[in-house]
There are 2 protein chains.
Amino acid sequence: MAEFTILEHENLNSVVYGALCDALMQGRFQPGDRLKIRDLAEQFGTSVTPIRDAILRLANDEAITFRSPRDIRIPGMAESRYREIRAIRIRLEGLAAETAAQLATSADIHALEVILRENEQAIEAGDRLKGTQLNQAFHFMLPQIAGLPVLNNILRRLWLQMGPHISDAYIQGGRAMIDHHYPVIEALKRHDPAAASMAIVDDILLGGKPILERIVHGAERPARRA
Amino acid sequence: MAEFTILEHENLNSVVYGALCDALMQGRFQPGDRLKIRDLAEQFGTSVTPIRDAILRLANDEAITFRSPRDIRIPGMAESRYREIRAIRIRLEGLAAETAAQLATSADIHALEVILRENEQAIEAGDRLKGTQLNQAFHFMLPQIAGLPVLNNILRRLWLQMGPHISDAYIQGGRAMIDHHYPVIEALKRHDPAAASMAIVDDILLGGKPILERIVHGAERPARRA
DNA sequence: ATAAGGTACTTGATGCATCTTTTTTGACGT
DNA sequence: ACGTCAAAAAAGATGCATCAAGTACCTTAT
């Protein structure tokens with residue numbers, strides 16, 4: 001789904017990094033989960049070296065942390081941290097939406113509509129994973145339309161951090177997740193930057209409510225073994 | 001000067017990463033410079049492993065790039081990319097300044113004034129390196145005062161990318177680099193978020209002008225050998 | 001003198017052995 | 001049962017050997 005920086009030549013470490021990024025963003029890891037380099041090496045069928053490389057990059061992204069020198073885990077998320085990420089997203093996705101509203105072609109808008117329609121169907125079908133992916137795809141489309149690759153990368157890293165915390169929230173949220181995507185598309189059609197920005201901000205604040213709830217009231221499950 | 005995520009336990013790879021970050025932000029690398037893992041390993045007196053780890057992290061930060069599978073270099077900066085980074089900084093440092101204006105204690109303000117005074121002296125003395133460092137320190141203080149560590153990290157990565165492109169620009173800029181820091185401090189004293197934001201935006205746009213000039217008119221020097 | 005072809009070298013990627021420290025585990029005593 | 005402590009196992013860090021691919025250089029034939 002989400003293609004990463006194609007620029008990088010395909011190493012094993014990039015493959016592993018990409019796979020782990022996908023897993024993270026799809027909520028296939030839970031906060032507290034432990035990662036073991038040797039186990040992952042076995043899963044990926046490589047030596048430990050490419051795994052270490054990928055782990056180090058993920059740690060650099062703060063998507064995983066070293067709780068202690070030998071304990072690699074998916075970190076928890078303090079409420080303050082989530083609120084900070086949300087505030088950053090509002091500024092950055094607001095910028096992306098404004099710029100996209102000025103530059104969007106009809107092809108861009110069509111692509112957004114396709115994603116939104118598929119997302120709708122996924123939610124109807126109760127396909128949580130697909131719904132999550134398509135929601136993310138929608139958000140990543142805006143900086144892409146806006147021609148803002150740096151911004152896109154920053155958001156990708158933020159999503160890497162949010163991934164483990166949104167898995168269950170989407171079920172609770174249901175259609176609320178995409179309700180605000182319609183006005184975004186409308187604003188882009190009208191080339192109305194202010195409206196596009198406001199719509200995406202609404203989406204971040206209101207659509208993201210279940211995520212915050214979960215972080216605050218903690219759907220605490222015991223840390224799993226890797 | 002700039003302390004990084006203290007959370008990480010001190011590995012060799014973190015030491016190398018930190019050292020390279022410092023070098024990058026101090027403008028000790030030029031765009032086009034080539035990095036060789038074995039050479040760096042010799043310089044740092046380690047094996048190649050920790051160097052590779054650090055290089056991979058820096059590449060993940062897009063502070064260095066793999067021009068081809070065996071050619072690690074300091075990347076150039078397209079004008080569009082610089083403009084994008086500037087737009088992002090405006091949004092994020094604006095947020096930091098607003099929040100800092102609400103939260104700043106007198107101790108925070110004092111710390112800023114100390115940095116600014118030292119920066120002034122460094123510029124008087126023509127100490128380009130110190131001036132650069134203190135300017136960065138000033139900018140990093142705002143998200144710190146605002147209690148926004150995620151934002152701080154994003155900005156750090158952006159500075160990593162800008163580092164190689166600002167070295168000479170500062171000399172040309174001279175005092176213009178810090179002229180706009182005074183109104184920032186004034187706004188923080190008055191707890192005036194809007195004024196703080198505007199001041200920092202002025203700094204980014206006007207103070208950063210020489211950097212943009214250099215990128216556009218390229219102070220192109222031939223790529224050095226590492 | 002020049003260009004083609006091939007050889008040697010450079011260099012990052014990968015795998016693996018080993019080191020040190022942490023984590024786990026289980027025995028023991030309270 | 002519970003906590004403590006020590007031995008054993010685990011796990012990341014580091015170094016290094018080797019691989020493959022790209023680069024540079026040198027030979028050789030025209």
Side-chain angles (χ1 to χ4, degrees), chain A residues 4-21 24 29 31-76 222-226, chain B residues 4-21 24 29 32-75 222-226:
Chain A
F4 304 112
T5 43
I6 309 298
L7 308 174
E8 66 183 329
H9 54 285
E10 275 306 323
N11 302 330
L12 276 185
N13 103 52
S14 299
V15 173
V16 174
Y17 178 75
L20 290 179
C21 282
L24 244 6
F29 288 107
D33 279 2
R34 185 169 178 187
L35 301 179
K36 296 183 184 179
I37 290 178
R38 284 173 173 83
D39 289 352
L40 288 171
E42 193 176 6
Q43 289 177 36
F44 281 94
T46 71
S47 76
V48 296
T49 307
I51 308 291
R52 274 193 76 244
D53 294 346
I55 292 281
L56 251 6
R57 290 173 63 181
L58 254 357
N60 196 45
D61 291 332
E62 294 184 278
I64 62 182
T65 58
F66 287 75
R67 179 185 289 192
S68 75
R70 257 149 259 226
D71 192 359
I72 306 173
R73 286 180 190 267
I74 307 296
R224 290 190 311 192
R225 272 288 125 87
Chain B
F4 305 112
T5 43
I6 309 299
L7 307 173
E8 67 183 329
H9 53 286
E10 276 305 323
N11 302 329
L12 275 184
N13 105 51
S14 300
V15 173
V16 174
Y17 178 76
L20 290 179
C21 282
L24 244 6
F29 288 107
D33 279 1
R34 185 169 179 188
L35 301 179
K36 295 182 184 178
I37 291 178
R38 285 174 174 81
D39 289 354
L40 289 171
E42 193 177 5
Q43 288 178 35
F44 281 95
T46 70
S47 76
V48 297
T49 307
I51 309 291
R52 275 194 75 245
D53 295 345
I55 293 282
L56 251 7
R57 290 174 63 182
L58 254 358
N60 195 46
D61 291 331
E62 294 184 277
I64 63 182
T65 59
F66 287 76
R67 178 184 291 192
S68 76
R70 312 282 141 101
D71 193 358
I72 306 171
R73 284 180 191 270
I74 307 296
R224 291 189 311 192
R225 270 289 124 84

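In what follows, every chain begins at residue 1, and chains take the letters A, B, ... in the order their sequences are listed.
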With respect to A/Leu40, which candidate in A/Thr46, A/Val48, A/Leu35, A/Ile72 satisfies the side-chain contact (heavy atoms from CB on, under 4.5 Å) definition?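 Running side-chain contact (heavy atoms from CB on, under 4.5 Å) over A/Thr46, A/Val48, A/Leu35, A/Ile72 with A/Leu40 returns exactly one hit, A/Leu35.
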Rounding to an integer number of Å, can you tell me how far [X] [atom1] sits from [N] [atom2]?
X	N	atom1	atom2	answer
A/Glu42	C/dT14	CD	P	19 Å
A/Asp71	D/dG12	CG	C1'	11 Å
B/Asn11	D/dG12	CG	C1'	9 Å
A/Asn13	C/dG15	CG	P	11 Å
B/Phe66	C/dT10	CZ	P	20 Å
A/Arg38	C/dT24	CZ	P	15 Å
B/Leu56	C/dA13	CG	P	7 Å
B/Arg67	C/dG12	CZ	C1'	16 Å

Compare the minimum distances between each of D/dA11, C/dG15, D/dT18 and the side chain of A/Arg34, then state the nucleotide with the smallest one.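 Out of D/dA11, C/dG15, D/dT18, the nucleotide with an atom closest to A/Arg34's side chain is D/dA11.
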Taking only the side-chain heavy atoms of A/Lys36 (C-beta and beyond), determine which of D/dG12, C/dT11, C/dG15 contains the nearest atom.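 Selected nucleotide (nearest to the side chain): D/dG12.
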Base, sugar-phosphate, or nothing for A/Ile55, non-hydrogen atoms under 4.0 angstrom?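 Contact class for A/Ile55: none.
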Taking atom CD1 of B/Ile64 and atom CG of B/Asp33, what is their separation to the nearest 0.5 Å?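 One finds 11.5 Å between CD1 of B/Ile64 and CG of B/Asp33.
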Starting at CZ of A/Arg52, measure out to CZ of B/Arg52 and round the result to the nearest 0.5 Å.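 It comes to 9.0 Å.
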Starting at the 5' end of DNA chain C and moving along, which residue's nearest nucleotide shows up first, B/Ile72 or A/Thr46?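 Taking each residue's closest nucleotide, the earlier one in sequence belongs to B/Ile72.
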Pick the nucleotide of DNA chain C nearest each of A/Pro50 and B/Ile37; which residue has the one closer to the 5' end?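 With A/Pro50 and B/Ile37 compared, the 5'-side residue is B/Ile37.
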Got B/Leu56 and A/Asn60 here, is their nearest side-chain heavy-atom distance under 4.5 Å?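 Contact flag for B/Leu56/A/Asn60 side chains = no.
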Taking C-beta and beyond as the side chain, do A/Asp53 and A/Arg57 meet within less than 4.5 Å on heavy atoms?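 No, every pair of side-chain atoms sits at 4.5 Å or beyond.
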Can you tell me if the side-chain N/O atoms of A/Arg52 get under 4.0 Å from OP1 or OP2 in D/dA13?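 Indeed, a polar side-chain atom of A/Arg52 lies that close.
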Presence of A/Arg73 side-chain N/O under 4.0 Å of D/dA11 phosphate oxygens OP1/OP2: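 No, no such contact exists.
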Reading DNA chain D from 5' onward, which residue's closest nucleotide shows up sooner: A/Pro69 or A/Thr49?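 Its nearest nucleotide being more 5', the pick is A/Pro69.
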Decide yes or no, distance alone: a donor-acceptor N/O pair under 3.5 angstrom between the base of C/dT20 and the side-chain of A/Arg70.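 Such a pair exists between side chain and base.
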